[in-house]
Amino acid sequence: MANEVCFRNLDLDRPWLLDQYQRRGGYEMITRILKDQVAPSQIIDEVKKSGLRGRGGAGFPTGLKWSFINRDLPGAKYIVCNSDEGEPGTFKDRDILRYNPHALIEGMVIAGYAVGANAGFNYIRGEFWEPYERFEAALEEARKAGFLGKDILGSGFDFALYSHLGAGAYICGEETALLESIEGKKGQPRYKPPFPAQFGLYGRPTIINNTESLASVPEILRNGGEWFRDLGVENSGGSKLFSISGNVSRPGNYEIPMGTPFAELLEMAGGVRGGRELKAVIPGGSSAPVIPGDQMLGLNMDYDSIAQAGSMLGSGAVIVMDDTNCMVKVLERMSYFYYEESCGQCTPCREGTGWMYRVVHRIEQGEGRQEDLELLDDVAAKIQGRTICALGDAAAMPVAGMLKHFRDEFQYHIDHKKCMVG
Amino acid sequence: MAGSKEQLFTPEIRAEIDQWIAKYPAEWKQSAVMAALRIVQDANGGWLSRELMDDVAGYLEMAPIAVYEVATFYSMYELKPVGKHKICVCTNVSCMINGSDNIVGHLEKKLGVALGGTTSDGKFTLKEVECLGACGGAPMMQIGKQYYENLTPEIVDSILDRLE
């Protein structure tokens, strides 16, 4: 079964409108919760039971994250949504904002109620102007209908929700960099601990979740945590949006159960374009190590299956590459990205990303040296685990993955000063 | 800072910035700096002068250096004049696989400028950008606030020809 959660209204005409959202039970959940004064702990338990894990890429259990906040602490607490979608290959949150913004709003109000927060921000990347306007229009509808603001539906619960627009920085997808950015600063990650649940936005307890995670909450609660969990497989509850791009006939977002065989997803996307051979797949955004095509065809789209193959499900961004692609060129482009996007705060990442890019670049240009592959192994290994945030790891892992699976292609470039692909 | 806040910006710009300030706690006006920079940049033909950044600092009661830090950190702010239309072409992996090199080559030839350049008539600036989160429509580009997806050289021509 497809399209059961975030995309369940996709078949409707203009599904982003409030009345369309309500036609299929939208805002019923928050109405019931507020009317019955459902215990916050019960909501958190249900989300825990669902097996929902952070859809932004880290895969941390959402319910567990919510339980880290001290609900009884007086003073401001915040719910922050991370719509700073920037992991190369990922384009699912854009479609949630465009086609199902009310599910996100309802999910954020529920999250606010559950952890005792009365304000929320949705951090939308600055380039997403159309999704931002769609979300703003939905906010306006929700305010008018009484689902946002003071004394929601006469319950005495207040929740104010606003958008914050980014201005172009991949690093702001990192949760603490995102908080810095809302505070009007450069997006440079903070040390953890303290974690945002203790010291978050404006120094206050804060829950940060990805757009897809929060937009899944109303359906999870409407149908029960077990229902959601059973859509998927062990350790990977629910269905998930997969953004599939690259050399496929029908690229796009597909909401399918966790654990669906990759081969089925590829078929949904029309298969490899032009019937060419599947060479390689990046299964979870460009930070996820590449997997050779034949191996990928035996894997399922869930956290454990992809992890066992030495990569990660990440954001669910699947980049499909056929046999015309040169892996050196692909890695060169990815290395440039991390070099460009490193915030510059930690030396291993700031210097290491540029170093890796320069080495891959010279190999691609036919100027590689025999010692370069060991050098790349070494630099990548020395970045990993030595930085404040995960960008350093994200830059190092694709290098390690490419050299593990396609080392001969890199060696060929060095030996022959040209590409073996043509 | 010279003069009072009422002398900074037009009433329309002040009203727009004030709408953003209102979203954040009263003691966190600084949270509106990203929006304020975008608003004044848009009103200034797409770029930020030192004076404009200083005015934003004055308006939000920030140290000028804190505003410069933000303006230089985020890629959507321009610190030098740009063309009337800023063409941002994604060349990241999914777009590259789908021929973004051809799109860049076509644009460079058509406009007679390299990436990063502005046409001599000041109409277009061509810029390479990182993943814009529309990989399902690769190759793609952004002009102003609009995304254009599934590009071919012919489609690029028709889009540019429609821009005034």
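Just so it is clear, the structure is predicted and the values come from calculations on it, not from any experiment. Order of the sequence lines fixes the chain letters, A, B, ..., with proteins taken first and strands second; residue numbering starts at 1 for each chain.
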Is any side-chain heavy atom of [X] closer than 4.5 Å to a side-chain heavy atom of [Y]?
X        : Y        : answer
B:Met140 : A:Phe91  : no
B:Phe73  : A:Ile171 : yes
B:Lys145 : A:Glu130 : no
B:Glu69  : A:Lys185 : no
A:Leu165 : B:Met34  : no

B:Val33, B:Thr72, B:Val93: which one forms the most heavy-atom pairs within less than 4.5 Å of chain A?
B:Val93
Quick check on the interface: out of B:Glu27, B:Met62, B:Met96, who has the most heavy-atom pairs with chain A under 4.5 Å?
B:Met96
So for [X], is it side chain, backbone, both, or neither that comes closer than 4.5 Å to the heavy atoms of chain A?
X        : value
B:Glu149 : side chain
B:Asn98  : side chain
B:Val129 : backbone
B:Asn150 : neither
B:Ala138 : neither

I need the minimum non-hydrogen distance between A:Val320 and B:Ile97, along with the two atoms involved.
O-CD1, 4.3 Å
Side-chain donor/acceptor of [X] to backbone N/O of [Y], under 3.5 Å:
X        : Y        : value
A:Arg333 : B:Thr91  : yes
A:Ser245 : B:Ser94  : no
A:Glu183 : B:Ser31  : no
B:Lys23  : A:Ser163 : yes
B:Gln142 : A:Glu127 : yes

When [options] are compared by non-hydrogen pairs under 4.5 Å with chain B, the top option:
options                                : answer
A:Glu85, A:Gln188, A:Arg273, A:Lys92   : A:Arg273
A:Tyr132, A:Tyr336, A:Tyr170           : A:Tyr132
A:Pro251, A:Gly168, A:Ala167, A:Ala169 : A:Ala167
A:Tyr162, A:Tyr202, A:Phe337           : A:Tyr202
A:His164, A:Glu340, A:Arg250, A:Met334 : A:His164
A:Glu341, A:Met321, A:Lys329           : A:Lys329

Under 4.5 Å from any heavy atom of chain B - which part of [X]:
X        : value
A:Thr90  : backbone
A:Asn325 : side chain
A:Cys172 : side chain

Passes side chain to side chain contact (heavy atoms under 4.5 Å, CB included), B:Tyr147 versus A:Arg94? Steps please.
CA-CA 12 Å; B:Tyr147 274 25; A:Arg94 176 181 178 228; 3.6 Å; yes
Measuring centre to centre across the rings, with the benzene-like ring taken for any Trp, is A:Phe121 within less than 6.0 Å of B:Tyr24?
yes
Taking atom NZ of B:Lys123 as the centre, does the number of heavy atoms from other residues, nucleotides or ligands within less than 6.0 Å exceed 12?
yes
Return the CD1 to SG distance between A:Ile244 and B:Cys135, rounded to the nearest 0.5 Å.
12.0 Å
